[in-house]
Amino acid sequence: YRHSTQYRNWSFTPERLDQIRTEVNASASARVEETLKHFFESHPDLSREEEEAVASKAVPVTTHEELLLVNYFARMIISFAGKMNLPTEVAATAVAFFRRFFLSNSVMDLPPKEVFHTTLFFACKTENYFIGVDSFAKKAKTTTEAVLKHEFKLLESLNFTLMNHHPYKALHGFFLDIQNVLSGRVDMQYMGQVYTNCKKSISDALLTDAVYFFTPPQITLAILLMEDEALMMRYMQLKFGLQQDGDASAGQPSQSSEQQLANGINASKLLEVVKNCKSVIS
Amino acid sequence: DLHKRYVLAESQYDDPFIKSLQTKKEYIASGFRADLVYDRMLTEAFM
Amino acid sequence: EYSKEKKVGEGTYAVVYVGTKQSDERRIAIKEIKTSGFKDGLDMSAIREVKYLQEMQHVNVIELIDVFMAQNNLNLVLEFLPADLEMIIKDTSILFTQADIKSWLLMTLRGVHHCHRNFILHRDLKPNNLLLALDGQLKLADFGLARNMGSPQESLTSNVVTRWYRAPELLFGARHYTGAVDIWSVGIIFAELMLRIPYLPGKDDIDQIDVTFRALGTPTDRDWPEISTFGAYNKIQVYPPPSREELRRRFIAATENALDLMSGMLTMNPHKRLSPIQCLTSEYFVELPEPTAPSELP
């Protein structure tokens with residue numbers, strides 16, 4: 001994972017992510033101001049009322065407003081993908097591409113609606129779910145030009161990194177490992193329900209900044225913790241040697257040396273990370 | 001990876017979907033293997 | 001940053017140039033992907049090459065140095081690799097030894113192992129996609145047909161791998177195959193290295209099935225469960241598998257371990273075919289002669 005482009009290009013601290021968004025917004029806002037200035041210079045005959053009307057409309061959106069708008073459309077991608085019966089991973093990739101696009105582009109330069117179908121179609125291609133553009137445009141009730149118009153810009157904005165690791169496979173992995181570690185102590189029908197609920201929650205988590213701060217398996221563990229804390233804590237005790245009280249701040253974890261050697265994981269630290277992830281997602 | 005963080009214990013897994021695929025003739029003939037699927041999911045979980 | 005100096009190849013979807021990276025004068029190849037004339041936008045082959053090569057760094061996988069857009073074309077900057085295994089095999093003025101074959105096979109398998117442990121299938125292994133660097137290292141190239149190993153619910157296309165290197169399950173139209181298809185290709189390449197001619201050169205897809213089974217025997221339900229469910233199975237001729245003696249006569253210079261390895265890679269039943277790790281840890285690689293050091297390869 002550390003060799004992956006997802007880790008190398010798309011992992012940030014909260015501070016760095018804020019800085020990126022602020023810079024993108026500031027840059028676009030400056031362009032808006034400049035455009036407005038040129039507009040007034042080239043239209044000297046405008047009345048004072050007209051100037052005030054234009055100025056009151058041409059207000060740059062704030063960084064926070066940009067984020068709200070992007071997340072709104074990202075959510076729509078998921079529901080639209082559902083209506084088109086696209087696989088879960090395609091929808092997840094489209095959301096990832098869409099949100100990453102707006103880490104280097106402002107909604108003031110390119111309205112989210114203009115790249116909405118582009119990201120979905122491109123995600124279909126990158127996830128080996130190829131639909132011809134004519135067929136896609138027809139189902140999406142748009143034009144092929146609209147779908148393809150910003151494809152290259154999208155590719156550039158993604159730094160040409162197209163591989164995505166989503167938490168869904170990790171969920172399946174933990175689903176299996178929990179059965180092994182808690183063998184005979186967990187009801188399988190209940191586990192099935194947990195799996196289904198977590199899968200839905202993962203789709204929600206992909207709309208948060210947790211994807212930038214945490215790894216896919218950490219997000220999965222956070223979702224599991226939200227879904228069934230008792231099950232998760234029991235799993236972490238048996239798997240990673242977490243202390244009974246699960247208190248991450250209570251000194252050294254009581255892992256056996258074999259467990260530490262076997263998985264090289266500090267259980268208390270992992271729990272702390274997972275709880276932080278849970279907070280971000282919540 | 002000499003120190004994987006998981007043990008692939010196929011007999012312990014109750015995965016109805018994968019188990020159903022293992023019995024499908026076209027899957028068997030294609031070379032489909034459940035252990036490869038499990039290994040991949042576990043790798044993603046512990047990467 | 002990059003100069004395009006000489007056009008060295010042109011295919012359906014790309015033009016390849018050799019050039020130089022200005023900052024360190026490194027020799028590079030630039031694959032300029034054609035973008036016009038593709039009604040579905042950026043071609044899938046280009047997407048695959050970028051997607052998978054970005055994730056892999058291994059001495060036996062071609063390095064993707066950079067990617068950039070210029071004049072509405074996508075350009076992939078790759079490491080410069082002046083030769084390929086097909087050139088070496090076909091050029092009868094180049095003599096090579098069993099130790100050389102072992103070295104090339106070892107590097108090929110290491111590259112394949114790296115792909116598979118990243119859950120990537122290459123799906124187009126053949127001698128002219130195994131490129132050779134100036135230092136003798138062999139590198140897997142052309143990831144235009146690569147993809148992630150299929151999720152359980154996915155159906156993959158069987159129309160992959162160049163015909164002569166295509167595994168029997170693909171010939172029968174299998175849609176849920178695994179990395180075993182790449183191992184089959186490597187087995188054919190191994191045979192070709194030893195023979196210095198194509199091993200199973202079918203004239204068309206139907207003929208390929210016949211050529212394959214005539215050489216290696218027609219599989220039955222007993223050694224490959226459920227093979228008879230493939231539609232094409234009922235129309236094929238039945239041939240006996242070759243005896244060990246026949247294989248020894250065909251591959252005169254091969255040791256017993258070499259034949260074991262090749263047979264393991266060319267096992268019909270994909271379940272029983274060797275995995276990359278089984279290949280790499282086979283006795284063949286620990287018996288004499290040692291594999292030639294890459295810098296000393298032809």
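In what follows, chains are A, B, ... by sequence order, proteins preceding strands, each numbered from 1. Computed over heavy atoms, backbone and side chain alike; hydrogens, waters and symmetry mates excluded. Here the structure is a predicted model, which is why all the values come from computation and not from measurement.
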Discussion item. If you compare all heavy atoms of B:R40 against all heavy atoms of C:M149, which two are closest, and at what distance to 0.1 Å?
Written reply: NH1-O, 2.6 Å

Worksheet entry | Under 4.5 Å from any heavy atom of chain B - which part of C:Y177 | both

Discussion item. If you define the side chain from C-beta out and look only at heavy atoms, does anything of C:H271 sit under 4.5 Å from B:I28?
Written reply: yes

Fill in: Part of C:R117 lying under 4.5 Å from any heavy atom of chain B
neither

Discussion item. Tell me the closest heavy-atom pair linking C:T178 and B:F32, and the distance in Å.
Written reply: CG2-CA, 4.3 Å

Worksheet entry | Min side-chain heavy-atom separation B:E26-C:R175 under 4.5 Å | no

Item to complete: Tell me, yes or no, whether the heavy-atom count around C:E246 atom CD, taken from other residues, nucleotides or ligands under 6.0 Å, exceeds 12.
Response: yes

Worksheet item: Does a sphere of radius 6.0 Å around NZ in B:K19 hold more than 12 heavy atoms from other residues, nucleotides or ligands, not counting ones at 6.0 Å or beyond?
Response: yes

Fill in: Heavy-atom closest contact (B:S30 atom, C:E169 atom, distance)
O-CG, 4.0 Å

Worksheet entry | Heavy-atom closest contact (C:P152 atom, B:F17 atom, distance) | CB-CE2, 3.8 Å

Discussion item. Just checking C:N159: does its CG atom have more than 12 heavy atoms from other residues, nucleotides or ligands closer to it than 6.0 angstrom?
Written reply: no

Discussion item. For the interface with chain B, which of C:K272, C:H176, C:E226, C:R273 has the highest count of heavy-atom pairs at distances below 4.5 Å?
Written reply: C:H176

